[in-house]
Amino acid sequence: MFILCVLVAGVSALTTSSVVHTEGVSESPITSEKHTVPGDNCRFRGRDFKSEFRLEGEPVALRCPLIWPHSDASASSHTLLTWRKMNSSQLVPGDEPRLWIKDATLWVVPAVQQDSGTYICTFRNASHCEEMSVELKVFKDTDTSLPLVSYLQISTVAATGLLVCPDLKEFIPNKTGGRVQWYKGSVLLDKGNKKFLRAGDPTRLLIANTSMEDVGYYKCVATFLHKGKEYNVTRNIELRVKKTTTESIPVIIFPLETIPASLGSRLVVPCKVFLGTDTSSNTIVWWMANSTFISVAYPRGRVTEGLYHQYSENDENYVEVALIFDPVTRDDLNTDFKCVARNPWSVQSLHTTVKEVSSTFSWGIALAPLSLVILAVGGIWMHRRCKQRAGKTYGLTKLRTDNKDFSSSLNQ
Ligand SMILES: *[C@@H]1O[C@H](CO)[C@@H](O)[C@H](O)[C@H]1NC(C)=O
Ligand SMILES: *[C@@H]1O[C@H](CO)[C@@H](O)[C@H](O)[C@H]1NC(C)=O
Ligand SMILES: *[C@@H]1O[C@H](CO)[C@@H](O)[C@H](O)[C@H]1NC(C)=O
Ligand SMILES: *[C@@H]1O[C@H](CO)[C@@H](O)[C@H](O)[C@H]1NC(C)=O
C-alpha cells in the first residue's frame with residue numbers, strides 16, 4: 001500500500017487528472033478469473049494473490065491455496081490433491097527426491113533457481129474439481145535480490161516497533177519451540193540487546209523507541225532440520241519508519257461546508273490544503289462530485305478541476321486545486337462535492353455543498369448586466385467595489401468583470 005501511494009503520488013506531480021485514472025486502475029482486484037480447462041471438468045479459481053519469493057538453497061513450503069489451514073478436506077480419503085507445474089502435464093514431485101507432498105503442501109528442500117515457476121494444485125473428489133495456481137520465484141542470495149525477497153513492515157517514530165518473521169508456520173509449528181536469529185543488515189542482534197528485544201515468541205522482535213535510524217533491511221533466520229541436515233530458512237524484512245508529526249498529515253482548510261453561489265454565474269472554489277513543512281510534492285489533491293471523479297461526472301466539462309498549485313506562505317506549504325463551475329446550475333445545489341487530499345500516510349476529505357446566495361447578495365445578480373453597461377460608459381467605481389468584496393471571501397457572487405482577475409491570480 002505504501003509503495004502504491006508513493007507511485008500514485010509520483011504520477012500526481014505531473015497532472016492531477018492522471019492521478020484520478022491511476023487510482024482507479026490500481027484498486028482493481030488482481031485475481032478472480034474463472035475459467036474451465038478445456039477437455040477437463042475442472043474449474044480454475046485463479047492465481048493465489050500471494051507469491052513466494054525465496055532464496056536458493058533454502059527449504060520452501062508451497063501451500064495449496066484451495067485448502068484452508070485446519071480444514072480436513074486434504075486428509076479425507078475421498079479426495080485427491082495433486083500438483084503440477086504450469087505448461088506441463090507431468091505431476092510433481094515425479095521422481096525428484098527434493099520434492100514431496102504432505103497434507104496440502106508441496107515441499108521443496110532445498111530450492112534451486114530452476115524450481116521457479118507457476119505451480120497448479122488440483123483438488124478432486126467424486127463430484128468436484130477445482131484448481132488454483134501459486135507462483136514461486138527462487139533467487140540467489142545476493143544484495144541485488146534483497147529488495148525482491150523482502151517483506152515490507154512499518155513502524156512509527158518514538159513508538160515501540162514490532163518486526164514479525166513471516167511465513168514460518170510450516171517450519172516452526174510450535175512458536176515457542178523454534179530457534180530464530182535476528183540480524184540488522186549482517187549484524188547479529190543478540191539476546192542482551194537493549195534496543196531490539198525478544199518477547200517470548202522468537203518470531204517477533206520489539207524495537208524500543210523507534211527512530212529514523214532503524215530504517216533498513218533486517219533478516220530473521222530459523223533453522224529447519226530434515227534427514228539429519230540443517231537448513232536455514234531466511235525471511236528478509238525492509239523496515240520503514242513513518243513520522244506522525246502533524247506536518248505529514250495534510251489538512252484541508254478551505255472550502256467551508258457551504259459555498260454561496262448564484263445560478264448562471266461562473267464560480268471558482270479552491271480546495272486549499274495545508275502541508276506544514278512538508279515540501280515534497282507527495283500530496284495529491286482532487287475533487288469529487290457524488291463520489292465520482294469530476295471528469296467522469298461532467299464529461300462535457302461544465303465543471304472542471306483547475307491546475308495543481310503548490311506554494312509557500314510564511315514558511316508553511318500549501319496546495320490548491322480549484323473546482324470551476326462554468327456556469328453554476330440548479331443541479332449543483334443537490335450534488336455532494338468533496339475535496340480529497342492524500343499522501344502516503346493519510347487521506348483527508350471535506351464535503352461541501354453549493355447554496356444559492358441569500359437575498360442580501362441577490363441585488364448583485366440583478367446588477368450584473370447593468371454593471372457591464374456602467375463599465376461600458378466608464379463606471380470604474382463599481383469595478384473597484386466588487387473587487388474588494390471578492391477579496392474578502394472566496395465564492396461570493398462575482399460579476400463577470402471580476403472573474404478574470406480572480407481566477408488568474410489563483411492560477412499564478
Ligand atoms: C467434494 O468436495 C466438495 C468441496 O469440498 C464438497 O462440497 C463435496 O461434498 C465433496 N463431494 C464428495 C462426493 O465428497
Ligand atoms: C527516543 O529517541 C530519541 C532520539 O532517538 C530521544 O531523543 C528520546 O529521548 C528517546 N526516548 C526515550 C524514552 O528513550
Ligand atoms: C545459516 O546461516 C548462518 C548465518 O546466518 C551461517 O553461519 C550458516 O552457515 C548457515 N547454514 C547453512 C546450512 O547454510
Ligand atoms: C448527485 O446526486 C444528486 C441526488 O442524488 C442528484 O440530484 C445530482 O444530479 C447528482 N449530481 C451529479 C453530478 O451526478
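As the structure lists them, so they are numbered: ligands from 1, and atoms in each ligand from 1.
- Relative ring orientation between F224 and W107 is described as parallel, the plane-to-plane angle staying below 30° on a 0-90° scale split at 30° and 60°.
- Given atom 9 (O) of ligand 4, the protein heavy atom at minimum distance is D331 OD1, 2.5 Å.
- When the options D141, V233, T223, N232 are ranked by their closest heavy atom to atom 8 (C) of ligand 3, first place goes to N232.
- Electrostatic pairing of D332 and R302 counts as a salt bridge here, judged by a charged N lying under 4.0 Å from a carboxylate O.
- Relative orientation of the F337 and Y298 rings is parallel, given thresholds of 30° and 60° on the angle between their planes.
- Residue-to-ligand polar distances place T335 within reach of ligand 4: an N/O pair is separated by less than 3.5 Å.
- Residue contacts with ligand 4 for N290 involve side-chain atoms from C-beta outward but no N, CA, C or O (heavy atoms, distance under 4.0 Å).
- A cation-pi contact, defined as under 6.0 Å to the ring centre and within 45° of the axis, is absent between K169 and F171.
- When the options E56, E52, E58 are evaluated for a salt bridge (charged side-chain N to carboxylate O under 4.0 Å, His left out) with R54, the one that passes is E52.
- The nearest heavy-atom contact from the protein to atom 7 (O) of ligand 4 is N334 CB, 3.6 Å.
- Within the listing of ligand 3, atoms 13 (C) sit less than 4.0 angstrom from a heavy atom of E230.
- In this structure, Y183 has its ring center no closer than 6.0 Å to that of Y218.
- In terms of protein heavy-atom proximity, atom 4 (C) of ligand 3 is nearest to Y183 OH, 3.6 Å.
- Look at E131 and R84 and you find a salt bridge, because one of the NZ, NE, NH1 or NH2 atoms lies within 4.0 Å of a carboxylate O, short of that distance.
- Within the listing of ligand 4, atoms 13 (C) sit less than 4.0 angstrom from a heavy atom of Y298.
- The nearest protein heavy atom to atom 11 (N) of ligand 4 is closer than 4.0 Å.
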